[in-house]
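Step one of this worksheet: look at the structure below.
Numbering of ligands and ligand atoms starts at 1, following listing order. If you're wondering where the values come from, they're calculated on a predicted model, not measured in any experiment. Residue numbers start at 1 and run along the sequence shown.
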Amino acid sequence: MEIFTDICDFRLYIKQVRQHNKSIGFVPTMGALHQGHLELVKKSIQQNDVTVCSIFVNPTQFNNPNDLENYPRDNKTDLSLLKANNCDVVFLPSNAIMYKKNDILSLNFGYLENIMEGKFRPGHFKGVGLIVIKLFNLACPNRAYFGTKDLQQLTIVKKLTKELLYDIEIIPVQTIREPDGLAMSSRNGLLSKEERIQALDLYKALNTAKKQLIGGESVTSVLKYVQQFFTTESKLELEYFEIVNTTDLMKINEIPTSKQVSLCIAGQLGKVRLIDNMSLL
Ligand code: AMP
């Protein structure tokens, strides 16, 4: 497995891969890897000649400095996991390489950056967009892999890929869950034993809400049910629960016949912020 920390070396390598007409699959991550990340790597290996994974805890997407500081980092374990899973290349840049002091570019994703995650993490998607563009420009992939666990991120990445005319296929990968249903996340390791049990409330609420909607209950009554569940029965502090159209993430009042609907949720447990979502289909 090749490991690059320098932009010039990485660019040269990528250039050679492309000159040999080999396809590149790209998996951007912030490290502290788990089976969810490895699923993206696996899919990329199946579909491409060369799989590149990046590990970079992107400072511009953190609106809370404590969250950035506490974000789990373990490069040594990550590298051995990637090697054991047959990843070909790892790009491991420093902050100084990815950002310069006088950088001024700022992106605007319109309504998409002000709803749900964007509402609770102002500026988050401007940072996500910036780093994805920089990494796309360096890795020059044919395909890039993103988890549906971060549905709003996936939607924004699809949008920027289209609007900036990147010739990159964005491949969504389904959320990998723990045996009890909790969505795998690098942040799960920060939960205490008690919080780990309480975290399951996100999954429970999504499951119940999905069943209610499939059973014909109205959007309004399901929204009310979930709000009440978190006020009365859960220690998790609910930030939002929304029922949206899966393609544009707009709130809906009624379930369309296409059932292209996603239930999106986020909450805080002590110092740990968790998100999850479930598709109605
Ligand atoms: P992160 O390191 O959290 O930035 O995640 C890197 C990529 O892995 C993103 O595209 C995430 O959506 C994806 N990802 C994170 N958790 C999961 C999961 N449980 N299942 C599938 N993909 C995931």
Side-chain angles (χ1 to χ4, degrees), residues 25-47 51-64 67-68 70-75 77-79 81-82 85 87 90-93 95 98 116-118 121 124-136 139 141 143-161 168-191 196 199-200 202-203 206 246 249 262 264-266 272-279:
F26 179 47
V27 181
T29 80
M30 297 207 299
L33 302 181
H34 49 70
Q35 201 51 44
H37 296 113
L38 297 175
E39 202 61 30
L40 272 63
V41 171
K42 190 172 149 193
K43 194 114 192 231
S44 172
I45 291 173
Q46 285 167 358
Q47 298 183 333
T51 288
V52 178
C53 178
S54 65
I55 300 175
F56 180 62
V57 181
N58 174 35
T60 61
Q61 71 186 68
F62 285 81
N63 55 311
N64 176 344
D67 190 23
L68 173 61
N70 296 331
Y71 197 84
R73 293 164 171 89
D74 187 353
N75 284 350
T77 309
D78 288 347
L79 290 174
L81 271 173
L82 288 172
N85 283 273
C87 181
V90 184
F91 181 48
L92 204 73
N95 284 351
M98 298 310 284
M116 300 198 287
E117 284 305 284
R121 302 183 71 186
H124 172 64
F125 290 113
K126 290 186 187 298
V128 169
L130 211 48
I131 197 64
V132 168
I133 291 171
K134 287 177 190 235
L135 291 170
F136 277 4
R143 298 182 188 84
Y145 296 78
F146 289 86
T148 56
K149 162 149 188 297
D150 299 282
L151 182 66
Q152 196 171 355
Q153 170 174 282
L154 172 67
T155 311
I156 276 178
V157 169
K158 279 183 184 163
K159 195 93 179 90
L160 80 80
T161 304
I168 300 171
E169 195 182 347
I170 305 300
I171 314 274
V173 178
Q174 277 203 348
T175 303
I176 304 297
R177 298 179 180 279
E178 299 288 353
D180 64 0
L182 179 69
M184 287 192 182
S185 162
S186 303
R187 294 174 194 268
N188 290 353
L190 302 172
L191 296 167
R196 169 64 183 83
L200 206 56
L202 285 178
Y203 179 68
L206 286 176
T246 305
L249 306 186
S262 291
C264 301
I265 197 163
V272 187
R273 190 171 179 280
L274 298 173
I275 68 170
D276 200 352
N277 69 81
M278 211 174 259
S279 158

Give the residue, atom name and distance (to 0.1 Å) of the protein heavy atom nearest [atom].
atom                    : answer
atom 22 (N) of ligand 1 : Leu40 CD1, 3.5 Å
atom 17 (C) of ligand 1 : His34 CE1, 3.7 Å
atom 1 (P) of ligand 1  : His37 NE2, 3.6 Å
atom 3 (O) of ligand 1  : Tyr71 OH, 3.8 Å
atom 20 (N) of ligand 1 : Ile176 N, 2.9 Å

Are any of the N or O atoms of [X] closer than 3.5 Å to those of ligand 1?
X      : value
Met30  : yes
Ala183 : no
Lys149 : no

Sub-4.0 Å atoms of ligand 1 with respect to non-hydrogen atoms of [X]:
X      : value
Thr175 : 19 (N), 20 (N), 21 (C)
Asp150 : 11 (C), 12 (O)
Gln174 : 20 (N), 21 (C)
Thr29  : 2 (O), 6 (C)
Pro28  : 6 (C), 7 (C)
Met184 : 16 (N), 17 (C), 18 (C), 19 (N)
Gly36  : 18 (C), 20 (N), 21 (C), 22 (N)
Phe146 : 10 (O)

Donor-acceptor pair, Ser279 side chain versus Ser262 backbone, under 3.5 Å?
no
Tell me if a side-chain donor or acceptor on Asn85 pairs with a main-chain N or O of Lys42 at a distance below 3.5 Å.
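No.
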Considering Ser54, Gly147, Gly31, which one's heavy-atom position lies nearest to atom 13 (C) of ligand 1?
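When every heavy atom of Ser54, Gly147, Gly31 is considered, Gly147 comes closest to atom 13 (C) of ligand 1.
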Heavy-atom distance under 4.5 Å between the side chains of Glu169 and Gln47, does that happen here?
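In short, these two side chains do not touch, never coming nearer than 4.5 Å.
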Looking at every non-hydrogen atom in both residues, tell me the closest pair between [X] and [Y] and how far apart they are.
X      : Y      : answer
Leu160 : Gly129 : CD2-CA, 3.9 Å
Ile176 : Glu39  : CD1-CG, 3.5 Å
Asn95  : Pro59  : OD1-CD, 3.7 Å

Pairing residues for Asp180 by the side-chain contact (heavy atoms from CB on, under 4.5 Å) criterion, not counting sequence neighbours:
Glu178, Leu182, Arg196, Leu200
Applying the side chain to side chain contact (heavy atoms under 4.5 Å, CB included) criterion to Pro28, which one of Phe91, Phe56, Phe146 satisfies it?
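The side chain to side chain contact (heavy atoms under 4.5 Å, CB included) with Pro28 is passed solely by Phe146 among Phe91, Phe56, Phe146.
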